[in-house]
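Below is one structure; the comments refer to it alone.
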Amino acid sequence: MHHSDSYAATLVPNMIRMGIDIWQGVMRTNNIPELLEKYGGQIAFMGGINNADCDREDWNGELVRKAVARAILDGSKYSFIPFLTAGGPGSTYPGVYAAVSEEIARVNANLTDF
């Protein structure tokens, strides 16, 4: 697994050659649908929820739902794992990490939502 919450789309062929299985932290600026089209099956992409979308002091459930939905719609059911691009539970505003995790779990349980 390689973590890089930055623009690194041009490095994906090298990541694959190096044997990286998952790029964690892939931000939307990397054009996730295009990456999935070109490299899906060769490497998995984890991210798509830029922290700025919902990791802020005034966060709420609606911001989280929209961010998760956008990531899932931009992604694919193959080679894509929706999640925050940066940080773990201690690096986000209180409650955001858990809310994003819970929303992803809710959508997974109800895949007919998408």
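Partners of Glu62 under the side-chain hydrogen bond (donor to acceptor under 3.5 Å, both in side chains) rule, at least two apart in sequence or in another chain, are Arg65. With sequence neighbours excluded, the residues satisfying side-chain hydrogen bond (donor to acceptor under 3.5 Å, both in side chains) with Ser4 are Ser6.
Taking the six-membered ring for Trp, Phe83 and Phe45 have ring centres at least 6.0 Å apart.
Counting only residues at least two apart or on different chains, the salt bridge (charged side-chain N to carboxylate O under 4.0 Å, His left out) pairs with a member in residues 12-36 are Arg28-Asp53, Glu34-Lys38.
Here the straight-line distance linking atom OH of Tyr93 with atom CG of Asp55 works out to 7.0 Å at 0.5 Å rounding. Thr29 contributes atom OG1, which lies 6.5 Å from atom CG of Asn50 (distance to the nearest 0.5 angstrom). A distance of 13.0 Å separates CH2 in Trp59 from CG in Asn51, rounded to the nearest 0.5 Å. Rounding to the nearest 0.5 Å places CG of Asn60 at 8.5 Å from NZ of Lys66. Atom-to-atom distance recorded for Thr92:OG1 and Arg56:CZ is 14.5 Å, nearest 0.5 angstrom. For the atom pair CD1 of Ile43 and NE2 of His2, the computed distance is 8.5 Å after rounding to the nearest 0.5 Å.
Under the 4.5 Å side-chain contact rule for hydrophobic residues, Met27 and Met46 do not share a cluster. Note: the hydrophobic cluster containing Leu36 also contains Ile20 (ILVMFWY, side chain heavy atoms under 4.5 Å, direct or indirect links). Under the 4.5 Å side-chain heavy-atom criterion for ILVMFWY residues, no single connected hydrophobic cluster contains both Ile72 and Leu63. Ile22 and Ile16 fall into different hydrophobic clusters, defined by Ile, Leu, Val, Met, Phe, Trp and Tyr side-chain heavy atoms under 4.5 Å apart, directly or through other members. Under the 4.5 Å side-chain heavy-atom criterion for grouping Ile, Leu, Val, Met, Phe, Trp and Tyr, Leu84 is connected to Met1 within one hydrophobic cluster.
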Would you sort out whether Ile104 and Ile49 count as a side-chain contact (heavy atoms from CB on, under 4.5 Å), showing the intermediate values?
CA-CA 11 Å; Ile104 291 169; Ile49 303 173; 4.3 Å; yes
For side-chain contact (heavy atoms from CB on, under 4.5 Å), just list the numbers for Leu35 and Val26, CA-CA rounded to whole Å, side-chain angles, deciding distance to a tenth of an Å, and then say yes or no.
CA-CA 10 Å; Leu35 290 173; Val26 63; 4.1 Å; yes
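The minimum heavy-atom distance between Phe80 and Gly75, with the atom names listed, is CD2-CA, 3.6 Å. Between Cys54 and Ala67 the shortest heavy-atom distance is SG-CB, 4.2 Å. A pairwise comparison of heavy atoms in Ala71 and Pro82 identifies CB-CB, 4.2 Å as the closest pair. Residues Ala8 and Asn30 come closest through the heavy atom pair N-OD1, 2.8 Å.
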